[in-house]
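Contents: one structure, followed by commentary.
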Amino acid sequence: MASSHEAAFQKCISPDCGAEFDCMEVLVKCPKCGELLDIEYDWKRVGAPGRMSDFSRRWATRDNRLDFSGVWRFREMLNFCQDDCKVSVGEGQTILQQNDDLAAELGVASGCLYLQYEGLNPSGSFKDNGMTAAFSHARLVGATASACASTGNTSASMALYAHACGLKCTVFIGAGRIAFGKLSQSMDYGGHTIQIQGDFDDCMKQVQDVCRELNIYLVNSLNPFRLEGQKTIMYRIIEQLGWRVPDWVIVPGGNLGNSSAFGKAFGELKALGLIDRVPRLAVVNAEGARTLADLVNGHGLRWNGGRVDQGVIDAYYADLTGRNFSPHTCASAIEISRPVNLKKCLRALDICDGIVLAVSDEEIMDAKAMVGRYGLGCEPASAATIAGLRRLLGDGTIDTTQTVACVLTGHQLKDPNVTVDYHKDNRGPYSNPPVEALNDLARIIELMQ
Ligand code: F0G
């Protein structure tokens, strides 16, 4: 019997093209038509897993490095390379926290709100789920150098994995556009950092050209192997719910890799009969970077069986260019106006009967403070999920007794500046400013009364 990595292949997402390529080819777009690529598996040849709960058995064999990984524990669902290529730094040991205090604050019934803490990954964000997969593929094809454009978390994660498997790595960031915690990580891990006078979208364009010119392995979420790793966030959510599917999954939307991967994960599980229904998906933009919300809600853009109306997208981007638009939000991680995975995200919305909304920076910061007070904290982009949930409860889209899983994508300490500013300047209802005290016992005790 063939092992499943021999049954994996790359396939163009366009139904009018559908070209297929071997996994040994390094591609970020279909060479025939320029559309995005998926990784697919010939399940008929290799046999799909019988039931998801079998994966739980691997908790008992955690001394095996692949069973220890919260990504590779599910390796049959993303088996595109042999085991000795699989790179792991112990990613995916994240928790799904049932948070009844935050639920109560939001008016959600007890036992219904869950926070998926992806900030608990080794580099402090969900990116490690994808990077472990991308670097495994990089190893498979013998790549020696990697690069990415980043709002900070991709670069931190890339630098960590590149270091772990001996690849050179170059990070492209928009000058002044990334949080200090993230910048400090890529420097610390030894990444070569290039600050471009521009925003993330400018960096994304430059890095694609650089990788093509210099034959460097690109690890942005255009890379279809990366998204295979990010599917496992959904496996872990349903695993921790006792293999139940929540009613809703809420995720922030930036470059739209996560939402794309989540839709693919649920689409595959449903097609294989491993789950009986898919959750609804809510993707939350920041108002200052609201391309997806505008295109879906304002212009009616849909997946449309894979025949997405490119004219609508082109006209929207032409308008951004005409206005010299650059996105701005306190949630710097999702400060992106030309999301590379747009079409895959539209597919995910189609699979999961999804919706899109955009929330203000003020809503994001209040929500972030709530996650800090009642949960384990998160960075601003991650809190867009809670801000989104608040809105969707308010307008009745989500019922207070539905089960909701919010993906908290990045760690609280990634961006301490915005946290300190919010609290110090008494900016919102959850602000908790420090109190100045003289170096005097009596005065200190007085202040504490
Ligand atoms: N949350 C955090 C903390 C992120 O760092 C990102 C993306 C997102 C959400 C958005 O995820 O792109 O899958 O929609 N950060 C990228 C980076 C762009 O470079 O670190 P997405």
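Because only heavy atoms are used, hydrogens play no part in the values below, and waters and symmetry mates are left out as well, while side chains stay in. Note that the numbering runs from 1 along the sequence shown for the chain. Every number for a ligand or one of its atoms is a count from 1 in the order of the listing.
Under the 6.0 Å distance and 45° angle rule, Arg177 does not count as a cation-pi partner of Phe200.
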Which donor-acceptor pairs under 3.5 Å do the side chains of residues 373-393 make with protein atoms, sequence neighbours left out?
from, atom 1, to, atom 2, distance (Å)
Arg373, NH2, Tyr430, O, 2.8
Tyr374, OH, Glu105, OE1, 3.1
Glu379, OE1, Lys182, NZ, 2.7
Glu379, OE2, Asn153, ND2, 2.8
Glu379, OE2, Lys182, NZ, 3.4
Ser382, OG, Thr409, N, 3.2
Ser382, OG, Thr409, OG1, 2.8
Ser382, OG, Gly410, N, 2.8
Thr385, OG1, Ser382, O, 2.6
Arg391, NE, Glu363, OE2, 3.0
Arg391, NH1, Ala358, O, 3.2
Arg391, NH2, Ala358, O, 3.1
Arg391, NH2, Glu363, OE1, 3.0

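Within 4.0 Å of ligand 1, counting heavy atoms only, the contacting residues are Phe126, Lys127, Ser150, Thr151, Gly152, Asn153, Thr154, Pro252, Gly253, Gly254, Asn255, Leu256, Gly257, Asn258, Ala333, Ile334, Ile336, Glu379, Ala381, Thr409, Gly410.
A donor-acceptor contact shorter than 3.5 Å links the side chain of Thr329 to the backbone of Ala331.
The aromatic rings of Trp243 and Phe74 sit perpendicular to each other, their planes meeting at more than 60°, with 30° as the lower class boundary.
The pair Asp209-Lys205 meets the salt-bridge criterion, since a charged nitrogen lies less than 4.0 angstrom from a carboxylate oxygen.
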Worksheet item: Going through the distances and angles, do Tyr235 and Phe55 end up as a ring-ring contact (aromatic ring centres under 6.0 Å, His included)?
Response: CA-CA 10 Å; Tyr235 307 155; Phe55 288 117; 7.2 Å; no
